[in-house]
Amino acid sequence: MLDIKFIKEKLEQVKKNIKDRNMVADADLVVKLYDLKNSIQQKLDTLRQQRNENAAKMKGKLEHAVREVLIAEGKKLKEEISKLEKDFEEKEKEYKIAMMDIPNMAHPEAPVGKEDKENLEVKHWGDIPQFTFQPKDHVELAESLDLVDFDTATKVSGTKFYYLKNEAVILEMALTRYVMDIIIKEGFTPFITPDVAKEEVAAGIGFNPRGDESNIYTIEGTGTCLVGTAEITLGGYYAGKTIDASKLPIKMAGLSHCFRREAGAAGQFSRGLYRVHQFSKIEMFIYCLPEKSDEMHQYIRSVEEKIFQGLGIPYRVVDTCTGDLGASAYRKYDLEAWMPGRGDFGEITSTSNCTDFQARRLGIKYKDENGTNYLHMLNGTAMALSRAMIALLENYQQEDGSVRIPEKLIPYTGFDRICPKK
RNA sequence: GGAGAGAUGGCCGAGAGGCCGAAGGCGCUUCCCUGCUAAGGAAGUAUACUGGUAACGGUAUCGGCGGUUCGAAUCCGCCUCUCUCCGCCA
């Protein structure tokens, strides 16, 4: 949510931003509804003032006739007030709905563009492996190494679910532990968060739990939904709180399952583990002072890079273009790992600086000697385990069909190679 | 899941239809006093929205929502949370 005063002041910028982001939202309507709502409120306040004054006149002893006149006046005011209150509530609701559609402003240096093709590559790390044989993709590898069972999962749970088996189970746990160790050393407090969140929390973070295009599973009749990411549970953690500035930045990291409907997502780039309905992920989250958020954003990105450099997985970093930002993000960097199976880069992490957009919706403020104000919130993937698994299997595959385990991971797995089953 | 008790400002705690945005205490801020410290005295000390250049006003907020009333922290209904006891479970 943006500050309404900002919208009124910079209306043209806000409208351009909506257009750059390739989104539909009516900033003019928001301003109109705000002014209307306000003028009703002013009338309402005046009437309430009259009601209060009228009631105050009746405090002591009064003659019956005098009292009767005042009561009649009070009744009249009461009626007017309740009528106007209804009107006000209606307009306020409309205003809030319209307001929720307005996306965050984009960073002035974020590339302007419509879709992910226009994202700007800003960095490249590692050498793309040169194979002396035809590399397999992770689905073939998982099959020959008996690591993932998609078919049975389809029968039991539906498409885009999977069972991890054998070394893949240990590998997922090893990756989790490897990431946790790095992140704890960086000063993040580790969490395992709930996998369920209230719909208003999800909406506050910027996920719309309702509607056909929603990527969120709702739980019928409970007002809750399955989380698509621990960003929701970590970002909801301080909802409604005011935090002392001396406590900032707050750095949290949460492991959760992530559930996504992925309606309509198909095609070869969605193959296998790449786009699934359920996966596990460790998410970083930072609450900080507004003037620190750009710096924190770079910091989260550097932690993400450290994690994948440690595994020796080649990647590039892209600065996400305006059309691909999502409603909450002011700026977003994605790490894309080299995936030999597809012969291209594939997204493995994403970090967003959401500035005070989520904080306004969730009511999260900081307090210092100048008073209270909304703080800034940032999130970033430490590791999406299913996608990391793809990058690992595909980049570390050997000619004999086995997969090597990166040096730094061996202490966590206890084995240095996954071999084909006989 | 069942029964009971409770929810008031930064904290403790009074308040039981109008004199209550809310006593008193603690804390905090400023000032006075005392050679330092401790003690003492005075004043101030919630948030949001809103009117006004400002001074200063207005409205709302006593867990939440709804109701009764001319008027609700106070009465009524529903909900949430906390505590105690019982049941059930990993």
Side-chain angles (χ1 to χ4, degrees), chain A residues 1-9 30-100 102 192-204 219-225 233 236-248 250 255-257 290 356-375:
Chain A
M1 189 159 77
L2 295 179
D3 184 356
I4 182 64
K5 282 168 193 150
F6 177 85
I7 296 177
K8 286 182 81 161
E9 237 166 75
V30 170
V31 172
K32 199 183 112 193
L33 287 170
Y34 175 76
D35 288 340
L36 187 59
K37 166 188 91 85
N38 250 8
S39 75
I40 295 171
Q41 176 152 30
Q42 279 169 37
K43 278 182 214 153
L44 200 52
D45 282 354
T46 309
L47 283 173
R48 281 172 172 159
Q49 185 182 357
Q50 287 169 17
R51 177 198 63 192
N52 291 347
E53 283 167 0
N54 187 255
K57 284 183 202 159
M58 272 183 270
K59 272 177 197 167
K61 270 191 175 175
L62 288 176
E63 280 179 36
H64 271 302
V66 180
R67 182 170 287 272
E68 287 306 316
V69 171
L70 289 172
I71 287 177
E73 173 67 13
K75 281 189 175 173
K76 202 185 96 198
L77 285 166
K78 184 177 164 179
E79 215 167 286
E80 286 177 47
I81 286 169
S82 95
K83 212 188 291 171
L84 212 53
E85 272 174 347
K86 241 177 233 163
D87 200 15
F88 175 75
E89 269 166 40
E90 220 170 85
K91 289 294 174 299
E92 192 184 36
K93 203 170 151 195
E94 285 175 38
Y95 162 69
K96 279 186 177 163
I97 289 168
M99 183 61 146
M100 284 302 240
I102 307 286
I192 295 178
T193 82
D195 290 336
V196 170
K198 292 184 179 168
E199 287 181 28
E200 70 254 31
V201 175
I219 306 175
E220 183 76 30
T222 63
T224 59
C225 56
T233 42
Y237 196 89
Y238 287 104
K241 299 279 186 205
T242 299
I243 300 166
D244 199 279
S246 65
K247 299 251 172 32
L248 299 174
I250 292 172
L255 169 65
S256 82
H257 293 114
D356 59 359
F357 188 81
Q358 296 171 329
R360 280 179 192 282
R361 292 180 173 214
L362 293 166
I364 307 179
K365 298 182 164 185
Y366 70 94
K367 186 162 76 176
D368 64 8
E369 62 279 3
N370 299 318
T372 64
N373 211 339
Y374 293 104
L375 47 66

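We use all heavy atoms of the structure for the numbers below, so side chains are in, but hydrogens, waters and symmetry mates are not. Convention: sequence-line order gives letters A, B, ...; per-chain numbering from 1.
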ask   = What residues, two or more places apart in sequence or in another chain, satisfy ring-ring contact (aromatic ring centres under 6.0 Å, His included) together with A:Phe88?
value = none
message = Would A:Ile71 and A:Lys75 count as a side chain to side chain contact (heavy atoms under 4.5 Å, CB included) here? Give the steps.
response = CA-CA 6 Å; A:Ile71 287 177; A:Lys75 281 189 175 173; 4.2 Å; yes
Residues forming a ring-ring contact (aromatic ring centres under 6.0 Å, His included) with A:Tyr374, sequence neighbours excluded = none
query = With sequence neighbours left out, what residues match A:Lys198 under side chain to side chain contact (heavy atoms under 4.5 Å, CB included)?
reply = A:Glu200, A:Val201, A:Thr224
ask   = Considering only the C1' atoms, how many Å lie between B:rU74 and B:rU61, rounded to the nearest integer?
value = 16 Å
message = Please report the distance separating the P of B:rC85 from the corresponding atom of B:rC70, rounded so that it comes out in whole Å.
response = 46 Å
query = Which pairs with one or both residues in residues 62-71 of chain A pass salt bridge (charged side-chain N to carboxylate O under 4.0 Å, His left out), sequence neighbours excluded?
reply = none
query = Around A:Glu53, counting heavy atoms of other residues, nucleotides and ligands shown, do more than 12 lie under 6.0 Å from its CD?
reply = yes
ask   = Looking only at atom C1', what distance separates B:rC62 and B:rA23, rounded to whole Å?
value = 14 Å
query = Considering only the P atoms, how many Å lie between B:rG10 and B:rG6, rounded to the nearest integer?
reply = 24 Å
message = Say we look at B:rG9 and B:rC26: how far apart would their C1' atoms be, to the nearest angstrom?
response = 13 Å
Show me the protein contacts with nucleotides 7-10 of chain B, counting only N or O atoms at under 3.5 Å.
none

ask   = Should the heavy atoms of other residues, nucleotides or ligands under 6.0 Å from CD1 of A:Ile97 be counted, would the total exceed 12?
value = yes
task = Indicate for each nucleotide in nucleotides 48-70 of chain B, in 5' to 3' sequence, whether protein heavy atoms under 4.0 Å reach the base (B), only the sugar-phosphate (S), or nothing (-).
result = SSSS------BSS--------BB
inquiry  = Restricting to side chain to side chain contact (heavy atoms under 4.5 Å, CB included), what partner residues turn up for A:Gln42, sequence neighbours left out?
reply    = none
task = Strictly below 4.0 Å, heavy-atom distances to any atom of RNA chain B: list the hits from residues 238-245 of chain A, or just say none.
result = none
ask   = What interatomic distance, in whole Å, is found between P of B:rG40 and the corresponding atom of B:rU50?
value = 43 Å
ask   = Between A:Glu94 and A:Lys32, is there a salt bridge with N-O shorter than 4.0 Å?
value = no
query = Expressed as a whole number of Å, how far does the C1' atom of B:rU59 sit from that of B:rC86?
reply = 48 Å
task = Name all residues meeting the side-chain hydrogen bond (donor to acceptor under 3.5 Å, both in side chains) criterion together with A:Tyr238; count only those two or more places apart in sequence or in a different chain, and write none if there are none.
result = none
request  = State which residues pass side chain to side chain contact (heavy atoms under 4.5 Å, CB included) with A:Asp368; sequence neighbours excluded, sorted by chain then number.
outcome  = A:Ala245, A:Tyr366, A:Asn370
query = Taking only residues two or more places apart in sequence, or in another chain, which ones meet A:Thr242 in a side chain to side chain contact (heavy atoms under 4.5 Å, CB included)?
reply = A:Lys365, A:Lys367, A:Thr372
task = Please step through side chain to side chain contact (heavy atoms under 4.5 Å, CB included) for the pair A:Lys57 and A:Val66, ending with a clear verdict.
result = CA-CA 10 Å; A:Lys57 284 183 202 159; A:Val66 180; over 6 Å; no
inquiry  = Both atom distances under 3.5 Å, Watson-Crick or G-U wobble: I'd like the secondary structure of RNA chain B as a dot-bracket string, with | for pairs made across strands.
reply    = ((((((((.[[[..)..(.....]]]((((((.......))))))((((((....)))))).[[[[[..)....]]]]])))))))....
Pairwise C1' distance for B:rC76 and B:rA22, with rounding to whole Å = 23 Å
